Structure formats: C-alpha cells, structure tokens
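Everything below concerns the one structure shown next.
In what follows, every heavy atom counts, from backbone to side chain, and hydrogens, waters and symmetry copies are set aside. Sequence lines set the chain letters: A, B, ... in the order given, protein chains first and strands last, and positions in each chain run from 1. Everything numeric here is computed off the predicted structure, so don't read it as measured data.
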There are 2 protein chains.
Amino acid sequence: MQGLNDILNLDKNAKTRFVKKGEMLLREGDESSLAFYIEKGLLRSYTIDEKGKEHIFSFASEGWIIADIDSQEFNHPAELFIDCIEDSEIVVFDRKCFKLADLSEQQLRENANLLARRIAVLQKRVIMLMSVSAQERYSTFLKSFPKLVNRVPQRMIASYLGITPEALSKIRGQIAKGK
Amino acid sequence: MQGLNDILNLDKNAKTRFVKKGEMLLREGDESSLAFYIEKGLLRSYTIDEKGKEHIFSFASEGWIIADIDSQEFNHPAELFIDCIEDSEIVVFDRKCFKLADLSEQQLRENANLLARRIAVLQKRVIMLMSVSAQERYSTFLKSFPKLVNRVPQRMIASYLGITPEALSKIRGQIAKGK
DNA sequence: CAAATGCCTTAACCTAGATTAAGAAATGAA
DNA sequence: TTCATTTCTTAATCTAGGTTAAGGCATTTG
C-alpha cells in the first residue's frame with residue numbers, strides 16, 4: 001500500500017482534514033479528482049441505484065486510499081459517493097498530480113504499484129461475485145477484513161457482499177448455530 | 001489501450017505466435033508472468049470452481065492484452081486459465097519487464113495507463129454484478145461489446161454475465177418476442 | 001432522562017435464476 | 001456425406017435470496 005509520505009511527495013498541496021461520521025466527501029456527478037488517504041477512521045464508497053438502494057463498492061480504513069479511479073481516469077463525473085463511517089482523520093489530495101509530466105520514476109513506480117494492487121482486489125471480487133454463494137462470500141469477508149467486521153454495520157457488510165441485511169442476518173444465524 | 005509498439009519497447013524478447021482455437025496458454029497454478037497482446041483473434045481468461053464450472057473473467061480481441069495481473073503482481077501461481085476462442089495471432093511478452101528499473105518514464109506512464117483502464121472496467125463490472133438483473137447485464141454487454149457478440153458462443157457470454165446458458169437463452173427469447 | 005430514530009433479527013411469502021431433462025440445430029471429424 | 005459431438009433452446013421443477021412486515025435493541029438527540 002502507498003504510504004502517506006509518498007502522497008505528500010506527489011501532491012504538495014495535500015491537506016489533513018478531520019471529518020465527522022456521516023460527512024460526505026464525494027457525490028455522484030461531482031467533477032473532482034480528489035482522493036483520500038485514511039490516517040485514522042473508516043470511509044466507504046458506494047453507488048445508489050434507480051430504486052434508491054445503496055451498493056457499497058469499497059471500504060477504506062487506516063493506511064488505505066479511497067477514490068473513484070474509474071471516473072477520474074476517464075474524466076467522467078463521479079459515479080461513486082464517498083462518505084465517513086466513523087469520525088476520521090484523512091489526507092485529501094488530488095489524483096491529477098499523478099498524471100503530471102514531472103513525476104519522478106520512483107513516484108510513477110509507486111503509482112503503478114497502487115493501481116496493480118487495486119486490480120488484484122477487484123479481480124478477486126469479480127470472481128467471487130460470479131462463482132460463490134452469499135454464505136461463502138461472507139466467510140471470505142471475515143477472513144479478509146477481520147478488523148473491519150466490528151467497525152462496519154451489518155447492513156453495510158451485506159451491501160458490500162451484494163445481498164440484503166435480512167439475508168446476511170439469516171446467514172449469521174445459521175453460522176451461529178453450527179452451520 | 002497499450003499498443004503493440006509499446007510492448008515491443010517494454011520487452012525486447014516479445015515474440016509473435018500463431019495459436020489454434022482451443023489452445024491453452026496459461027493454466028491455473030502456472031508460475032508464469034506471461035501476457036498476451038492480441039494481434040488478430042479472440043482469447044478468454046477464466047476460473048474453474050470446485051464443481052468444475054467455468055467462470056469467464058474476461059475476453060480479449062484485436063488490440064487488447066490478456067493476463068492474470070492479480071497473481072503476477074503478487075507473485076502467486078496463476079488463478080486463471082487463458083485459452084483461445086478462435087485461431088489467433090498473438091504477441092507473447094513478459095510482464096516482469098514492466099517492473100524493471102531501466103524502464104523510461106514514458107513506458108512507466110503507459111503501464112500506469114494500462115492498469116488504470118483495467119481498474120475502470122473492473123469497477124463497472126463489480127457494480128453491475130452487485131446491482132443489476134441478468135437481463136440488464138446482457139443488454140449492457142451487447143452495447144459494450146457489439147463486435148464480440150457474434151464471435152463468442154452464448155454459453156461463454158452467459159458465463160461472463162454470471163448466469164447459466166439456459167437463463168441467457170430464456171432472456172434472449174424474451175427480448176426476441178418484444179421484451 | 002425519555003422519545004425517537006435507526007439497526008438487527010425472525011418469519012412468511014415470492015421470484016429470478018439454477019437445475020434437470022430432452023429435443024433441435026449447428027459444428028466437426030472421418 | 002454421415003455420424004458424433006457440442007451448442008442452443010424449451011419446459012418443468014427447485015431453491016437461494018429478495019420482499020414485506022413486525023418486534024426488540026441500541027444509540028442519538030433534545
């Protein structure tokens with residue numbers, strides 16, 4: 001994962017901000033190339049469909065970056081909302097800086113690393129969504145993000161897994177009484 | 001999309017190969033950092049689950065690159081199989097070269113571009129898999145890849161969409177008789 | 001503190017898509 | 001060409017997970 005120092009090198013204007021639970025940092029439709037490095041706390045990115053239902057695309061806690069890379073890369077307005085699940089301390093920086101001609105080789109390499117890791121996560125996620133049951137997806141989530149489980153509300157975990165809170169509750173019940 | 005010239009610059013050992021329909025280029029478990037640029041033809045990458053069922057992760061036709069970026073980035077054995085849907089002409093190159101210290105800034109920038117675009121595709125795919133019906137996913141596929149529709153067998157399109165061939169056939173039937 | 005709002009669970013019912021099966025059409029090999 | 005194999009379709013049945021609804025806990029907020 002890309003660290004804070006790297007970001008401060010990439011964008012000299014990066015600023016630390018303290019944000020409150022529920023505070024919205026990016027809205028669908030925004031023309032923004034901002035990204036957020038989480039110093040402390042927990043954020044999420046998500047879409048809202050025509051029926052008003054939220055679909056969580058990612059969580060990001062300490063040491064992670066959250067942004068709408070898709071729309072930024074193609075200069076589209078944001079598809080994702082980003083807001084805070086906990087009061088958080090974040091570093092706000094501009095991903096436009098990642099494209100500037102005056103980046104060093106070292107910085108370019110770090111950027112490529114960041115992107116490659118994100119691809120890895122997404123590749124796994126797509127394969128999971130296509131091939132395994134909700135129960136297995138939940139088990140995998142528990143193994144992959146053990147520290148998030150107690151910080152993220154159930155309904156958001158359900159949304160991340162692509163199921164309803166009711167379905168997750170049922171699955172948890174089944175696991176509790178020994179499968 | 002990264003072009004052929006860029007690849008030849010990145011890996012001087014890149015070689016053109018003519019491969020037959022059905023020919024397997026990468027197997028799950030392989031320790032390989034090969035990637036394939038498609039000059040002409042059509043390849044696919046996919047997993048096979050415990051029940052022996054195939055799940056297609058991606059197609060790649062003229063001008064595209066196909067590889068198991070996840071396992072390559074983390075030096076894991078391959079999770080994906082890659083084989084040919086049509087007789088194809090491809091350029092085989094080694095993604096290890098993308099990490100070497102002597103790449104030019106220009107080449108690093110092209111690599112970052114390639115990765116960012118892949119992220120964009122995957123972000124859209126994850127959101128689709130989580131939030132829209134099989135029928136809508138098929139419609140989106142038709143719009144996104146109109147040239148592939150007649151070259152890829154239905155059952156593979158179904159697999160890419162995360163549904164069974166029977167379900168896709170039913171959907172096509174419904175669309176044919178005016179929704 | 002109490003009221004209010006959200007969060008989690010349970011349970012009854014419903015539906016999209018899976019499974020199974022079988023026949024028709026296309027493809028390929030000899 | 002013929003036979004065999006794979007692909008596509010249709011239809012009957014089944015099931016994971018969605019929907020709706022209602023009650024019990026938490027946690028905000030005044």
note = Test salt bridge (Lys or Arg N to Asp or Glu O under 4.0 Å), reference Arg44(B), set Glu86(B), Glu54(B), Glu23(B), output is Glu54(B)
task = Under 4.0 Å between any heavy atoms, over every strand shown, what does Gly22(A) touch: base, sugar-phosphate, or nothing? Just pick one.
result = nothing
ask   = Using rotation axes that map the C1' atoms of four end pairs onto the next four (five pairs an end), what angle separates the end axes of the helix from dC1(C)-dG30(D) to dA30(C)-dT1(D), to 10°?
value = 50°
task = Using salt bridge (Lys or Arg N to Asp or Glu O under 4.0 Å) as the criterion, list what pairs up with Asp30(B), not counting sequence neighbours.
result = none
request  = Not counting sequence neighbours, which residues clear side chain to side chain contact (heavy atoms under 4.5 Å, CB included) with Ser159(A)? List them please.
outcome  = Ile56(A)
query = Quick one: do Val19(B) and Ile82(B) end up in the same hydrophobic cluster if we chain Ile, Leu, Val, Met, Phe, Trp and Tyr together by side-chain heavy atoms under 4.5 Å apart?
reply = yes
For Asp49(B), salt bridge (Lys or Arg N to Asp or Glu O under 4.0 Å) partners two or more places apart = none
Partner residues of Glu89(B) under the side chain to side chain contact (heavy atoms under 4.5 Å, CB included) criterion, sequence neighbours left out = Thr16(B), Phe18(B), Glu39(B), Lys40(B)
key: Separation of Glu136(A) CD from Ile171(A) CD1 (nearest 0.5 Å)   = 10.5 Å
Interface polar pairs with nucleotides 8-11 of chain C, N/O, under 3.5 angstrom:
from	atom 1	to	atom 2	distance (Å)
dC8(C)	OP1	Gln154(A)	N	3.0
dC8(C)	OP2	Arg155(A)	N	3.2
dT9(C)	OP1	Arg172(A)	NH2	3.4
dT9(C)	OP2	Ser169(A)	OG	3.3
dT9(C)	O5'	Ser169(A)	OG	3.1

request  = Go along nucleotides 23-30 of chain C 5' to 3' and tag each nucleotide: B for a protein heavy atom under 4.0 Å from its base, S when only backbone or sugar atoms are that close, - otherwise.
outcome  = -----S--
Stretch residues 46-56 of chain B: residues that reach within less than 4.0 Å of DNA chain C through a heavy atom = Lys53(B)
message = For a 4.0 angstrom threshold against heavy atoms of chain A, report the outermost contacting nucleotides of DNA chain D in 5' to 3' order.
response = dG17(D) to dT28(D)
request  = Can you measure from CD (Gln72(B)) to CG (Asp94(B)) and round to the nearest 0.5 angstrom?
outcome  = 8.0 Å
query = So which pairs with a foot in residues 148-171 of chain B pass ring pair (Phe, Tyr, Trp, His ring centres under 6.0 Å), sequence neighbours left out?
reply = Phe59(B)-Tyr160(B), Phe141(B)-Tyr160(B)
task = Find the distance between NZ (Lys147(B)) and CG (Leu42(B)) and round it off to the nearest 0.5 Å.
result = 13.5 Å
ask   = Which residues, ordered by chain and number, are linked to Ile127(B) in its hydrophobic cluster, where ILVMFWY side chains connect at heavy-atom gaps below 4.5 Å, directly or through other members?
value = Phe57(A), Ile69(A), Leu80(A), Leu115(A), Ile119(A), Leu122(A), Val126(A), Ile127(A), Leu129(A), Met130(A), Phe57(B), Ile69(B), Leu80(B), Leu115(B), Ile119(B), Leu122(B), Val126(B), Leu129(B), Met130(B)
task = Please assess Asp87(A) against Lys21(A) for the test salt bridge (charged side-chain N to carboxylate O under 4.0 Å, His left out), listing each intermediate value before the final yes or no.
result = CA-CA 5 Å; Asp87(A) 291 357; Lys21(A) 180 174 171 177; over 6 Å; no
task = Not counting sequence neighbours, which residues clear ring-ring contact (aromatic ring centres under 6.0 Å, His included) with Tyr138(A)? List them please.
result = none
ask   = Nearest 0.5 Å, what's the CG-OG distance between Leu26(B) and Ser32(B)?
value = 5.0 Å
key: Donor-acceptor pair, side chain of Glu62(B) and main chain of Gly41(B), under 3.5 angstrom   = yes
